[in-house]
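So you know, we letter chains A, B, ... as the sequences are listed, proteins then strands, and number each from 1.
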2 protein chains.
Amino acid sequence: MDRPPTMEDVARLAGVSRALVSIVYRDAPGASDATRTRVLAAGNDLGYRPDHRARLLGRTRTRLLGVTFDVRAPFHGDLVEVLYSAAEAAGYDLALSAVAPSRGESRAVQSLLDYRCEALILLGPQLSPSALSALAESQPVIVIGRKVRAAGVDVVRTDDKGGSRLAVEHLLSLGHRAILHIDGAKFPGSAERRTGYRAAMRHAGLSPFIQPGGRTEADGSDAAKTFLNDSPPVTAVTLFNDRAATGFLDTIRQSSLEIPRDLSVVGYDNSTIAALSHISLTTVAQNTTALANQTIAIAQTRLTDPNATTAAVVIPPTLVLRSTTAPPRSAGCTG
Amino acid sequence: MDRPPTMEDVARLAGVSRALVSIVYRDAPGASDATRTRVLAAGNDLGYRPDHRARLLGRTRTRLLGVTFDVRAPFHGDLVEVLYSAAEAAGYDLALSAVAPSRGESRAVQSLLDYRCEALILLGPQLSPSALSALAESQPVIVIGRKVRAAGVDVVRTDDKGGSRLAVEHLLSLGHRAILHIDGAKFPGSAERRTGYRAAMRHAGLSPFIQPGGRTEADGSDAAKTFLNDSPPVTAVTLFNDRAATGFLDTIRQSSLEIPRDLSVVGYDNSTIAALSHISLTTVAQNTTALANQTIAIAQTRLTDPNATTAAVVIPPTLVLRSTTAPPRSAGCTG
DNA sequence: AACTACTACTAGAGCGCTCTAGTCACGAGC
DNA sequence: GCTCGTGACTAGAGCGCTCTAGTAGTAGTT
């Protein structure tokens, strides 16, 4: 349980200088194959691992990207995973800092700065545009999943308007005409998804029909109760996200309506819950891999090219077909 | 966008030595109040923040605790949050390393070791006891939420046996006699929960009745189908966790059975989903705050007292009453 | 006046690396 | 035989801090 071995220890055991050990461990040119294996053997013997902090101290570039994420958002978890792979491929390391009710976002950001991250990647941040701009003055700041306009801040997000359009077009192709949208109130993305729905309906010559909703299962369930009570003449519903859709489905399934026979339902996010066999929700999937890759790419150009301009990348979503959508009953009779 | 200011810059601006700046920023004795404010003012002017890595390099103690967690487990998210507060209170910093399908556990651990964390906190690790023991040779290793016996490894977990007992006793007190347990197959905690159920039933002079299950919503839903098909003569069900219980409820509610009138259901974990109004699941809650505090406390004694013995702390869970449990119909008639 | 005691400060080494500027040996080229 | 180039290696400074040892300067004691 004594302190971990240092480069000095390895050098002594292998009978070489510290610099040579450094060369070997960095895979840099300047050492013969024979010594290379000898040094590595010595290192292995001692269980040596280079001290990451010391290594970084000397270099100007830390190759460290700081990421803040919400510990409670499953979608952030998915993103973090793909960010790891994307960062690794580009030769960067990731430092994670969690945001939680008891740990504010600026707190999370500060701790990342203390570790001298070269760039900040913020997942769905709540910080004000001005706060974001202030941060962007000292290092690149990339926001994922929120449509913000802040000077010097790069944004990578899903085309939510297009996502809603996908959902509506899918329902139209099945023969639906009366399509309701249950929105996500004031939450990030809600406005775009609502707009996309409205535009797609208008484009098809139909009138949009919007019911207020929310983002949780409970909101979806409440919306279902209102829906059952009002029983509007619609054959399909698109919802703000999968969580709301799940709550909606749960309540609808307890009524006399059968899904998808009497009502088609489309969610948004393609969260793990949507894929579960007993839910099997048709939904709009965000392309997390593309989001992550674009983010790392932006970070990289920002860090290498000092006069790169602010980027705003929009990733197209895709539709995932499952079993909550089908042609409307009337269409089935007529067709 | 130039490199961040160093202690040297602050010292020059304030007209003092680097050492004095260090003293001021560490809040160490040895500086007059006048210089203290002067130095801090200079630091503020330059936007100075001490470089965390450099600071740690010189010290033997890094006061850094490494945490591995599963990015997809909501319960881990809750734990990480409370760990942050507990660590901060004890003067420690947390380094997070995510475990995901594409990023194995040993990988996550290695990256923490590269940052010279003083101790490793592993949330529900899948590593073998021998791998854990090997890790524990170079620094303290504390496992949360998994009952493992590995030399030198500390364990902090919830009393799952007691948790199951709580669930059963609650149902007994409502008047249930025929109680089924749907287990969690081979997943961590399943064995203890099953044993606890069995013991509580035997203690009440009743014969245990166990149906195989799993840990996901889909598993719960499947179990419900089997249940409806077999229609065993039971009035209450306890499940491995909330996710399975949710799937179970979802499917049961589509049948003619009404909950809790015809069947009482108890989950496990008190996850956020259990609290949602349309689910409102009676469940066994793990005390995350206690788990986190105990973990940090153990880390601290391990790091300060070289001959501390291996700790195994078991935290009692509590029962959260919601609306999926009620007296059995027969009891209602007889009582 | 000489001693200690204390406060306020500084010089400089050291943490574990990387990197520049060497040294040294050896063979090729003229 | 001399330079020159090259591959293999080393010395030592430096990254941004902390910490030990030490220096002034002031005040209190006898």
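- For the OP1/OP2 pair of D:dC9 and a distance below 4.0 Å, the side-chain nitrogens and oxygens of A:Thr35 include at least one atom meeting the criterion.
- Between A:Leu57 atom CG and D:dA13 atom C1' there is a gap of 14 Å when expressed in whole angstrom units.
- Closest to the A:Ser22 side chain, of the nucleotides C:dT18, D:dT10, D:dC17, is C:dT18.
- Tested against A:Leu79 for a side chain to side chain contact (heavy atoms under 4.5 Å, CB included), the candidates A:Thr295, A:Thr288, A:Thr289 yield a single pass: A:Thr288.
- Here C:dT18 is the nucleotide among D:dC9, D:dC17, C:dT18 with the atom lying nearest to any side-chain atom of A:Met7.
- Spacing between atom CZ of B:Arg36 and atom P of C:dA8 amounts to 9 Å, rounded to whole angstrom units.
- When distances run from any side-chain atom of A:Ser17 to the nucleotides C:dC17, D:dT10, C:dA11, the shortest one goes to D:dT10.
- Within the nucleic acid shown, A:Pro29 has no heavy atom closer than 4.0 Å to any nucleic acid atom.
- For A:Ser32, taking side-chain heavy atoms from C-beta onward, the closest of the listed nucleotides C:dC17, D:dT18, D:dA8 is D:dA8.
- If you measure from atom CZ of A:Arg59 to atom P of D:dG14, you get 18 Å, rounded to the nearest angstrom.
- Counted within 6.0 Å of CZ on A:Arg61, heavy atoms from surrounding residues, nucleotides or ligands total more than 12; the atom is thus considered enclosed.
- What separates CG of B:Leu20 from C1' of D:dC17 is a distance of 15 Å, to the nearest Å.
- In this structure, of C:dG16, D:dG16, D:dT10, it is C:dG16 that holds the atom nearest to the side chain of A:Thr6.
- Between B:Ile23 atom CD1 and D:dC17 atom P there is a gap of 15 Å when expressed in whole angstrom units.
- Rounded to whole angstrom, the span from the CZ atom of B:Arg55 across to the P atom of C:dG14 amounts to 22 Å.
- Nearest nucleotide to the B:Arg18 side chain, out of C:dG12, C:dG16, D:dT10: C:dG12.
- Among the nucleotides C:dA11, D:dC9, D:dC17, the one closest to any side-chain atom of B:Ala19 is C:dA11.
- The environment of A:Arg36 atom CZ is dense: over 12 non-hydrogen atoms of other residues, nucleotides or ligands sit within 6.0 angstrom.
- A:Ser97 and A:Arg103 share a donor-acceptor pair across their side chains, judged by distance under 3.5 Å alone.
- A:Thr68 and A:Glu105 are not linked by any side-chain donor-acceptor pair at a separation below 3.5 angstrom, with hydrogens and angles left out of the test.
- Across the protein-nucleic acid pair, A:Tyr25 atom OH and C:dC17 atom P stand 10 Å apart, rounded to whole Å.
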